[in-house]
Amino acid sequence: MQIPQKLIDSLQNVNGFDPTTFVEIHETPSPTSIRINPFKSTNQFDNFEHVAWCESGRYLPTRPAFTLDPLFHAGTYYVQEASSMFLEQALKQCLKLEDDLVVLDLCAAPGGKSTHIASLLSTDSLLVSNEVIKPRANVLVENLSKWGLPNTVVTNNDPKDFNRIPHFFDALVIDAPCSGSGLFRKDPNAIAEWSEQNVEMCSLRQKRILTDVWDSLKIGGILVYSTCSYSQSENEDILDWISEEFNVKSLKINTQDGIIQTISAKHQAHGYRFYPDKIKGEGFFLAVFEKGEDDVRNTTTLKYTKPRPNKKLKLETQVFGSWIESLEDYVWLEKNEEYFLINPEQEHNIKLLQANLYLRKAGIRLGKIAGKDLIPDHELALSVVLSE
């Protein structure tokens, strides 16, 4: 594998970089890792090696044919690169996960971080998973449907659209589009696409995305910024840009051995680098900020149209009762004669999102009613709300 020399040259003075071991590790296979769904029980992976920074992460000794495994299609686990599971530490250490939170995963497809976040949030919290590219949003819907949790919404919007809902989210997770150098072992084709010009283009895109979505974060909320790039232009330099552009506080995370702590040049913002020659995983970068008290730019008042009363409530309750475990704990929405089961604690927020954004999915898709019967959707079969 021929690593671009310009990339190696650009990393010579970056903390933790060892050009010899870095090049050598890229001649070895990438490790295979999965993350288990804590809401769907299986003991198949009990004896496998744990990922040190993720409670439900496991390394597999070999890479099986996942598409032939029924447990994979049932959402019992998600195939995910181990380094990116460090998101768990950022959320556990910087958020009160026992609280009822509203979190946005902005660049969410195919769904690795979204399924992870949904597993960590409290029952009455809400995860909004967004993907701007429509075909990728379809994949995101599919993977969240497999995961089976009712506390998720999938949107298909441009980052700037979230300006319509200012100060709405307790946390933003932005796994930003990047030049992808951290995944060279997994995708050798990415080497041919890498260039200094592409790195610079990605850096500009990352700044635009952050600017477009910033107002939707609450005062005191946190931003988790990550990339799968090694380049300083997309990592430490972006941390300095965030520190200059917004009123933020850089947050520090306790780490495991092998994870390299780094500091941005101008503002000493904390970042965390993953090198494949230092840890069992691929290249990854992550940082966390807290939004400052006086960072108020958008003062728009959130509004939504109150829905009309549902006249079929008695029929729906009767039809859904035999299908849903503890139906009294939920409410449902109807769209185009299809029904979606949601948490009543988040009904207001979901309707507000529906009034301001394009929703691809909300909660659990139950199916359609025909006469006095439910024609169940496949998503219901994969969910954790299905009655025994």
Side-chain angles (χ1 to χ4, degrees), residues 34-42 54-57 71-80 84-85 87-88 91-92 95 97-106 108-131 137-156 169-171 173 175 320 323-333 335 338-351 353-354 359-367 376-388:
I34 63 166
R35 186 173 35 75
I36 299 167
N37 187 338
F39 300 96
K40 296 185 176 182
S41 60
T42 176
C54 176
E55 186 176 344
S56 57
L71 289 179
F72 170 75
H73 293 287
T76 306
Y77 63 87
Y78 190 96
V79 184
Q80 186 177 12
S84 66
M85 298 181 197
L87 172 65
E88 179 168 317
L91 296 179
K92 283 184 173 180
L95 275 177
L97 291 174
E98 65 276 12
D99 291 350
D100 298 339
L101 305 171
V102 183
V103 177
L104 171 63
D105 184 6
L106 182 65
K113 289 182 176 62
S114 283
T115 54
H116 199 173
I117 298 165
S119 298
L120 296 170
L121 293 177
S122 68
T123 304
D124 290 335
S125 292
L126 180 67
L127 170 66
V128 180
S129 298
N130 180 73
E131 174 54 48
N138 294 337
V139 175
L140 178 61
V141 168
E142 180 182 344
N143 284 323
L144 278 170
S145 297
K146 286 180 183 177
W147 212 244
L149 303 183
N151 62 341
T152 60
V153 168
V154 176
T155 56
N156 180 203
F169 297 105
D170 297 287
V173 176
D175 187 35
F320 300 149
W323 289 89
I324 308 301
E325 189 75 32
S326 303
L327 181 63
E328 66 276 7
D329 293 339
Y330 301 96
V331 294
W332 48 87
L333 305 174
K335 184 177 181 181
E338 286 195 299
Y339 290 85
F340 299 83
L341 196 74
I342 62 172
N343 188 323
E345 297 295 326
Q346 294 298 339
E347 182 178 12
H348 173 82
N349 283 334
I350 290 173
K351 288 177 178 176
L353 289 167
Q354 191 176 25
L359 268 59
R360 284 283 287 103
K361 161 180 146 57
I364 302 296
R365 187 191 301 265
L366 300 178
D377 190 270
H378 183 61
E379 190 172 317
L380 174 59
L382 291 169
S383 75
V384 299
V385 303
L386 191 66
S387 168
E388 289 292 334

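The structure presented is a predicted model; accordingly, all values stated were derived computationally and were not measured.
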Exercise. Does NE2 belonging to His73 count more than 12 external heavy atoms closer than 6.0 Å?
Worked result: yes
Exercise. Hey, are Lys113 and Asp105 close enough for a salt bridge, meaning a charged N less than 4.0 Å from a carboxylate O?
Worked result: no
Problem set entry | Rounded distance (nearest 0.5 Å) linking atom NE2 of His378 with atom OG of Ser383 | 10.5 Å
Exercise. Between Phe320 and Tyr339, does the ring centroid distance fall short of 6.0 Å?
Worked result: yes
Exercise. Any salt bridge between Glu379 and Lys361, counting N to O under 4.0 Å?
Worked result: yes
For this session: State whether the number of non-hydrogen atoms from other residues, nucleotides or ligands found under 6.0 Å of Glu55 atom CD is greater than 12.
Result: no
Exercise. Does a side-chain heavy-atom distance below 4.5 Å link Asp175 with Ser84?
Worked result: no
For this session: Determine the minimum heavy-atom distance between Trp147 and Pro38, stating which atoms define it.
Result: CZ2-CD, 4.4 Å
Seminar exercise, completed: Rounded to the nearest 0.5 angstrom, the CD1-OG1 distance for Ile36 and Thr76 is 9.5 Å
Seminar exercise, completed: With sequence neighbours left out, the residues meeting side chain to side chain donor-acceptor pair (under 3.5 Å) with Asn349 are Gln346
Exercise. Is the backbone N or O of Leu382 less than 3.5 Å from a side-chain atom of Lys40, with the two atoms forming a donor-acceptor pair by type?
Worked result: yes
Exercise. Which distance, rounded to the nearest 0.5 Å, do you find between the CD1 of Ile342 and the CD1 of Ile364?
Worked result: 11.5 Å
Seminar exercise, completed: Interatomic distance, CG@Leu120 vs CD@Glu88, rounded to 0.5 Å, equals 5.0 Å
For this session: Check step by step if side chain to side chain donor-acceptor pair (under 3.5 Å) holds for Asn151 and Ser125.
Result: CA-CA 6 Å; Asn151 62 341; Ser125 292; over 6 Å; no
